[in-house]
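Read through the structure below, which is laid out as structure tokens, and then see the notes.
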Amino acid sequence: MAHRHAPGIAFVVAAVATFGTGAARAQPAVSTEPAVTGLLAPAPANGPRFGGALRARWVSVPGWFLGAFTSENVPLSAYAIGGEVFRRKGELDISLGLTYQRLGPKDGNWLGRGQDPAQETDFIQFRNFGFVGVDFSFIWRTKLSPYTAFHYGAGLGLAFMTGKMLRISAGTPGCKDTPGDEQACRPLPCPASGCTEDVLQKTEGLPDQGPTEPHRFTDSNIPGAIPILNLTLGFDFYIPDVPGLEIRLEGGFYDAFFLGLTTAYLF
């Protein structure tokens, strides 16, 4: 891998009677308004309501997804926690969310697609790597029953990166044929049993010169912030005994694939 990576109630009054003027018999009363009772008349649209939510997610970036950009990689399995405030009118939520998402897989070898494994395989370590994301989203829902609904939506945001990524060139002979094997393909200073922190720390201080003269360094190409694409769908469950409480099971994409549980309260 190159180093260079919506009630009101309407009331209707309609009782107007007409009486004959020349006849001795009274004529039947005739209504001049539709005979619609107040309870059956359509109610005005609901006004907006506001709520808040807390969410927890399992986050994944699988190997098949990373494979679109790399020949060797280490899949991610991590977590995210966050919260949101939202405004609901009818069946549309407009939400503002704040999330911390962990993005650091375990240590391992990485190689860019189409690159020479003997020269470009890197041993990469992620330290406290992740982001703090702020997103603005639109979520629609379709009621399935008085107790459940299906929701779906999308949004955009900005993620502020945290932590760092450490890299060192791998250069043992095994890199040519088995760049994903971290024992056969490893930085030259590391023993066959694997790289240790003590060994890697001793290589720091000089620029990495490639597989024959490797030195661990902090990758400076990591941007300070990246855009967020938020895509979500799932199910809402309403608690009859606690009006306003919602439990959501959902999945989607938030710069990584996720499955999560959200607890929300609508005031």
Side-chain angles (χ1 to χ4, degrees), residues 1-5 57-81 99-133 159-228 254-258:
M1 181 178 295
H3 309 316
R4 336 326 154 208
H5 171 350
R57 294 171 173 174
W58 168 70
V59 175
S60 174
V61 182
W64 61 263
F65 184 79
L66 293 168
F69 318 99
T70 62
S71 295
E72 294 295 338
N73 56 71
V74 180
L76 169 71
S77 179
Y79 67 88
I81 55 174
T99 299
Y100 171 71
Q101 186 159 299
R102 190 79 179 232
L103 285 178
K106 68 178 184 178
D107 300 351
N109 288 350
W110 292 71
L111 176 65
R113 179 166 288 280
Q115 294 182 335
D116 182 358
Q119 298 295 320
E120 300 294 343
T121 303
D122 282 2
F123 182 70
I124 297 184
Q125 301 170 294
F126 294 87
R127 296 293 179 261
N128 300 314
F129 197 69
F131 65 66
V132 176
F160 300 92
M161 306 304 296
T162 64
K164 58 186 178 181
M165 185 171 78
L166 304 172
R167 302 175 64 164
I168 184 171
S169 293
T172 54
C175 292
K176 181 179 180 180
D177 299 317
T178 55
D181 185 335
E182 290 151 19
Q183 287 189 319
C185 178
R186 62 187 188 277
L188 287 175
C190 296
S193 58
C195 294
T196 65
E197 185 63 21
D198 287 342
V199 169
L200 292 172
Q201 276 186 340
K202 290 177 182 178
T203 71
E204 294 178 353
L206 293 173
D208 189 276
Q209 300 296 326
T212 59
E213 196 177 338
H215 297 275
R216 189 172 71 170
F217 65 99
T218 299
D219 195 324
S220 60
N221 295 315
I222 305 301
I226 60 173
I228 290 172
Y254 193 90
D255 282 9
F257 298 99
F258 74 85

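The shown structure was predicted, so the numbers you read here are calculated from the model rather than taken from an experiment.
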- [ ] Assess whether side-chain contact (heavy atoms from CB on, under 4.5 Å) is satisfied between Phe258 and Tyr79, documenting all intermediate values.
- [x] CA-CA 9 Å; Phe258 74 85; Tyr79 67 88; over 6 Å; no
TODO: Please report the closest heavy-atom contact between Ala78 and Arg102, naming both atoms and the distance.
DONE: CB-O, 3.4 Å
Task: Heavy-atom side-chain contact between Trp58 and Ser77 under 4.5 Å - done: yes
Open item on the list: Let me confirm one number: the OG-CG distance from Ser71 to Asn109, rounded to the nearest 0.5 Å.
Closed with: 12.5 Å
Open item on the list: Ignoring hydrogens, what is the shortest heavy-atom contact between Pro214 and Asp208? Give both atom names and the distance.
Closed with: CA-OD2, 3.5 Å
- [ ] State whether the side chain of Glu72 and the backbone N or O of Pro117 hold a donor-acceptor pair below 3.5 Å, judged by distance alone.
- [x] no
Task: Asn73 and Thr70: CA distance, side-chain angles, deciding distance, side-chain hydrogen bond (donor to acceptor under 3.5 Å, both in side chains) verdict - done: CA-CA 6 Å; Asn73 56 71; Thr70 62; 2.9 Å; yes
Open item on the list: For Phe257 and Trp64, take the angle between the two ring planes, folded into 0 to 90°, and tell me which bin it lands in: parallel under 30, tilted 30 to 60, perpendicular over 60.
Closed with: tilted
TODO: Could you check Trp110 against Leu66 for side-chain contact (heavy atoms from CB on, under 4.5 Å), going step by step and ending with a plain yes or no?
DONE: CA-CA 10 Å; Trp110 292 71; Leu66 293 168; 4.0 Å; yes
Task: For the student: nearest non-hydrogen atoms of Ala118 and Asp116, plus distance - done: N-OD1, 3.0 Å
Open item on the list: I need the minimum non-hydrogen distance between Thr121 and Cys185, along with the two atoms involved.
Closed with: CG2-SG, 3.7 Å
Task: Shortest non-hydrogen contact between Arg167 and Met165, atoms and distance - done: CD-CE, 3.9 Å
Task: Nearest non-hydrogen partners of Gly171 and Pro211, listed with the distance - done: CA-CB, 3.5 Å
Which donor-acceptor pairs under 3.5 Å do side chains of residues 123-132 form with protein atoms, sequence neighbours excluded?
residue, atom, partner, partner atom, Å
Gln125, OE1, Arg216, NH1, 2.8
Gln125, NE2, Asp107, OD2, 3.1
Arg127, NH1, Asp107, OD1, 3.3
Arg127, NH2, Asp107, OD2, 3.4

Task: Interatomic spacing from SG in Cys175 to CD in Glu182 - rounded to 0.5 Å - done: 10.5 Å
Open item on the list: Nearest 0.5 angstrom please: Phe69 CZ to Leu111 CG, how far?
Closed with: 15.0 Å
Open item on the list: Tell me which one of Ile168, Leu200, Thr196, Thr172 satisfies side chain to side chain contact (heavy atoms under 4.5 Å, CB included) with Cys190.
Closed with: Leu200
- [ ] Working to the nearest 0.5 Å, report the span between CE of Met161 and CD of Gln101.
- [x] 9.5 Å
